[in-house]
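Since this is a predicted model, take the numbers as computed values, not measurements. Each residue takes its place number in the sequence, starting with 1.
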Amino acid sequence: MNRPTEGILFFNLELSPMASPAFEPGRPSELLVKLNRLLERCLRNSKCIDTESLCVQAGEKVWQIRVDLHLLNHEGNIIDAASIAAVAALCHFKRPDVSVQGEEVTVYSPEERDPVPLSMHHMPICVSFAFFQQGTFLLVDPSEREERVMDGLLVIAMNKHREICTIQSSGGIMLLKDQVLRCSKVAGVKVAEITELIQKAIENDKKARKEGGKFGFAESLPEQKITSLKIDKSSVDTSDFKGEAKKIISKSEPPSDAVSKPVVWAPGTAQIGEGIGNAWGELEESEDEDDDADIASVSPESHKVIKKPAKHTSKDIVLSDSEEDDVIILEPESKTEASLPPSVSAEDKDKSPVSKTSTKKKKKRAAR
């Protein structure tokens with residue numbers, strides 16, 4: 001209601017999983033919302049298209065232009081590619097011609113009247129600058145890997161007349177005035193080059209249409225390709241493929257030496273590798289020696305080393321509860337031997353306090 005004589009211009013950018021596995025279908029991500037807003041600021045808010053020329057009847061009927069952008073392959077710097085594609089599409093698009101008689105509006109087909117191109121005032125194009133190490137290094141048109149490690153991003157939308165349409169800085173990096181001016185000068189040069197490329201492509205398309213030749217996707221349909229690029233077909237000679245194969249094999253490196261007969265260490269075992277000697281047995285023996293050395297206990301100078309064959313029974317083995325050291329205590333069968341420490345020899349058993357108390361009890365019984 002506020003703009004009854006202006007048409008509607010709408011931009012929509014879609015990030016599909018075909019472009020990158022990181023994009024999820026059906027859910028607008030923060031990146032997608034950010035890119036759509038930047039496109040609208042760059043193209044719609046800059047008034048690059050005369051929206052009043054889209055009006056058919058003031059307050060009743062206007063044209064609505066919808067620009068759908070589909071990302072095919074994400075290799076970085078989406079906003080620059082999207083702005084170039086949108087500007088090229090708007091320059092190439094032609095709407096049907098319309099005539100108004102009273103309250104009747106007639107829309108003519110392309111066969112009846114030639115379509116009418118959109119009236120564009122200028123061609124705003126985005127140029128991205130990536131900053132590294134807090135603005136020490138500057139990079140134009142960053143790739144996808146470079147975007148992952150950059151500290152900040154500066155996007156400048158400009159036309160070939162060096163008029164800044166929009167500017168946006170992201171990443172939380174502080175830029176100096178000289179850095180922004182330098183980026184604007186570089187953007188002016190890049191925008192002039194890209195604008196010239198777009199205009200040349202549109203002129204070539206017009207010439208091809210006038211001559212009646214194939215253009216656009218119609219040129220690539222016979223080859224069943226989605227691109228309009230051509231590659232000349234080259235024939236491959238397969239007459240002497242055996243000789244060529246022998247030459248390639250002779251130039252390649254010889255295979256590594258392998259043992260033809262595997263070494264079987266024990267029946268029922270398998271072999272993995274090229275038959276090199278197995279060192280697992282040696283490691284197990286060294287571990288057993290270390291365990292034997294830990295089990296052997298040496299008493300102080302007043303005692304001797306005791307070595308007795310231990311009787312392994314289910315009742316004799318007691319495991320300690322401590323988690324730090326795994327100690328196994330072997331208990332003897334007799335109670336008197338259990339009370340003695342392990343470092344006491346058999347000769348010292350009679351001198352122990354247990355034997356003295358037993359002799360005293362025997363004397364008391366005899367006296368009674």
Side-chain angles (χ1 to χ4, degrees), residues 7-46 48-49 51 54 63-96 110 115 117-118 120 123-128 130 141-148 153 155-157 159 165-166 168 170 190-191 194-195 197-202 204-206 208-209 214-231:
I8 301 171
L9 189 61
F10 181 75
F11 295 92
N12 179 35
L13 175 63
E14 293 185 4
L15 305 178
S16 63
M18 179 180 64
S20 175
F23 299 147
E24 297 181 2
R27 178 185 297 179
S29 60
E30 295 181 1
L31 177 63
L32 181 59
V33 175
K34 174 184 173 183
L35 293 174
N36 279 319
R37 289 179 180 176
L38 190 56
L39 272 177
E40 291 181 357
R41 287 170 51 192
C42 174
L43 298 173
R44 188 175 64 181
N45 297 347
S46 64
C48 65
I49 294 180
T51 54
L54 302 176
W63 287 104
Q64 178 181 1
I65 307 298
R66 178 186 176 95
V67 182
D68 288 311
L69 301 169
H70 298 271
L71 188 63
L72 300 180
N73 184 20
H74 176 38
E75 193 58 29
N77 201 3
I78 301 174
I79 186 61
D80 290 14
S83 65
I84 294 171
V87 168
L90 291 173
C91 293
H92 185 266
F93 175 73
K94 295 181 180 181
R95 64 173 179 83
L118 300 178
M120 294 192 66
M123 298 167 60
I125 294 173
C126 295
V127 181
S128 299
D141 190 13
S143 63
E144 191 265 340
R145 291 185 177 181
E146 292 165 349
E147 286 181 348
R148 294 182 182 181
L153 182 68
V155 181
I156 299 177
N159 55 22
C165 302
T166 183
Q168 178 177 343
S170 59
K190 298 294 290 183
V191 166
I194 296 170
T195 304
L197 290 175
I198 294 174
Q199 290 176 351
K200 285 183 179 179
I202 293 172
N204 294 334
D205 183 76
K206 287 181 180 179
R209 289 175 183 269
K214 294 181 179 180
F215 49 85
F217 287 104
E219 187 179 1
S220 59
L221 283 176
E223 299 181 2
Q224 296 182 356
K225 295 181 179 179
I226 63 172
T227 59
S228 59
L229 301 178
K230 284 186 176 180
I231 299 176

*Asks:* Does the side chain to side chain contact (heavy atoms under 4.5 Å, CB included) test come out yes or no for I84 and I125, once each step is laid out?
*Replies:* CA-CA 6 Å; I84 294 171; I125 294 173; 3.9 Å; yes
*Asks:* Once you round to the nearest 0.5 Å, how far does CG of N12 lie from CG of D68?
*Replies:*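 Output value for this atom pair is 5.0 Å.
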*Asks:* Tell me, with the steps shown, if H74 and E147 meet side chain to side chain contact (heavy atoms under 4.5 Å, CB included).
*Replies:* CA-CA 12 Å; H74 176 38; E147 286 181 348; 4.2 Å; yes
*Asks:* What are the two closest heavy atoms between I202 and C91, and how far apart are they?
*Replies:*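 Between these two residues, the closest heavy atoms are CD1-CB, 3.2 Å.
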*Asks:* Taking only residues two or more places apart in sequence, or in another chain, which ones meet S143 in a side chain to side chain donor-acceptor pair (under 3.5 Å)?
*Replies:*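 Listed in chain order: E146.
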*Asks:* Would you say that P110 contacts P115 through its side chain, given a criterion of any heavy-atom pair below 4.5 Å between the two side chains?
*Replies:*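 Yes, at least one pair of side-chain atoms sits under 4.5 Å.
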*Asks:* What's the spacing between S20 OG and E75 CD if we round to 0.5 Å?
*Replies:*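 Taking OG in S20 and CD in E75, the distance rounds to 9.5 Å.
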*Asks:* I'd like to check the ring pair (Phe, Tyr, Trp, His ring centres under 6.0 Å) partners of F11; sequence neighbours left out, ordered by chain and number.
*Replies:*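 Here no residue qualifies.
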*Asks:* If you take all heavy atoms of M120 and I49, which pair is closest and at what distance?
*Replies:*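 Closest approach of M120 to I49, heavy atoms only: CG-CG1, 4.1 Å.
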*Asks:* At what distance, to the nearest 0.5 angstrom, does CZ of R209 lie from CG of N204?
*Replies:*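 Here the rounded value is 12.5 Å.
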*Asks:* Apply side chain to side chain contact (heavy atoms under 4.5 Å, CB included) to residues C48 and M123 and explain how you reach the verdict.
*Replies:* CA-CA 6 Å; C48 65; M123 298 167 60; over 6 Å; no
*Asks:* Of all the heavy-atom pairs spanning N36 and L13, show the shortest one and how long it is.
*Replies:*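 Result for this residue pair: OD1-N, 3.0 Å.
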*Asks:* How far apart are the C-alpha atoms of L43 and V87, what are their side-chain angles, what is the distance that settles it, and do they pass the side chain to side chain contact (heavy atoms under 4.5 Å, CB included) test?
*Replies:* CA-CA 8 Å; L43 298 173; V87 168; 3.7 Å; yes
*Asks:* For A19 and N73, work out which heavy atoms get closest and say how close.
*Replies:*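 Scanning both residues completely, I find the closest heavy atoms to be O-OD1, 3.7 Å.
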*Asks:* If the condition is side chain to side chain donor-acceptor pair (under 3.5 Å), which residues does S128 pass it with, not counting sequence neighbours?
*Replies:*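 So S128 forms a side chain to side chain donor-acceptor pair (under 3.5 Å) with N77, D80.
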*Asks:* Check A85 against L69 and note the closest heavy-atom contact, atom names and distance.
*Replies:*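 Looking at all heavy atoms of both residues, the closest pair is CB-CD2, 4.1 Å.
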*Asks:* Under 4.5 Å between any side-chain heavy atoms of L32 and F23, yes or no?
*Replies:*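 The answer is no; the side chains never approach within 4.5 Å.
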*Asks:* Taking all atoms of both residues into account, what is the closest heavy-atom pair of L90 and V67, and its distance?
*Replies:*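 Closest approach of L90 to V67, heavy atoms only: CD2-CG2, 3.7 Å.
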*Asks:* Do N45 and T166 come close enough that some side-chain heavy atom pair is under 4.5 Å?
*Replies:*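 A side-chain contact is absent here, since even the closest heavy-atom pair is not under 4.5 Å.
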*Asks:* First locate atom CG of L72, then atom CE of M18, and finally report the distance between them rounded to the nearest 0.5 Å.
*Replies:*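 Reported value, rounded in 0.5 Å steps: 4.5 Å.
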*Asks:* Would you say the side-chain atoms of S83 pair up with the backbone N or O of C126, donor to acceptor, closer than 3.5 Å?
*Replies:*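 Yes, S83 side chain to C126 backbone: donor-acceptor pair under 3.5 Å.
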*Asks:* Quick check for you: to the nearest 0.5 Å, what is the distance between L9 atom CG and E40 atom CD?
*Replies:*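 Going from the CG atom of L9 to the CD atom of E40 covers 9.0 Å.
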*Asks:* To the closest 0.5 Å, what do you measure between CG (L54) and CH2 (W63)?
*Replies:*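 Rounded to the nearest 0.5 Å, the CG-CH2 separation comes to 9.5 Å.
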*Asks:* State plainly whether the residues K34 and E30 are in salt-bridge range, i.e. N to O under 4.0 Å.
*Replies:*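 Result for this pair is no, no salt bridge flagged.
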*Asks:* Taking the side chain as every heavy atom from C-beta outward, state whether V127 and V191 have any pair of such atoms under 4.5 Å apart.
*Replies:*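 Side chain of V127 against side chain of V191, heavy atoms only: contact under 4.5 Å found.
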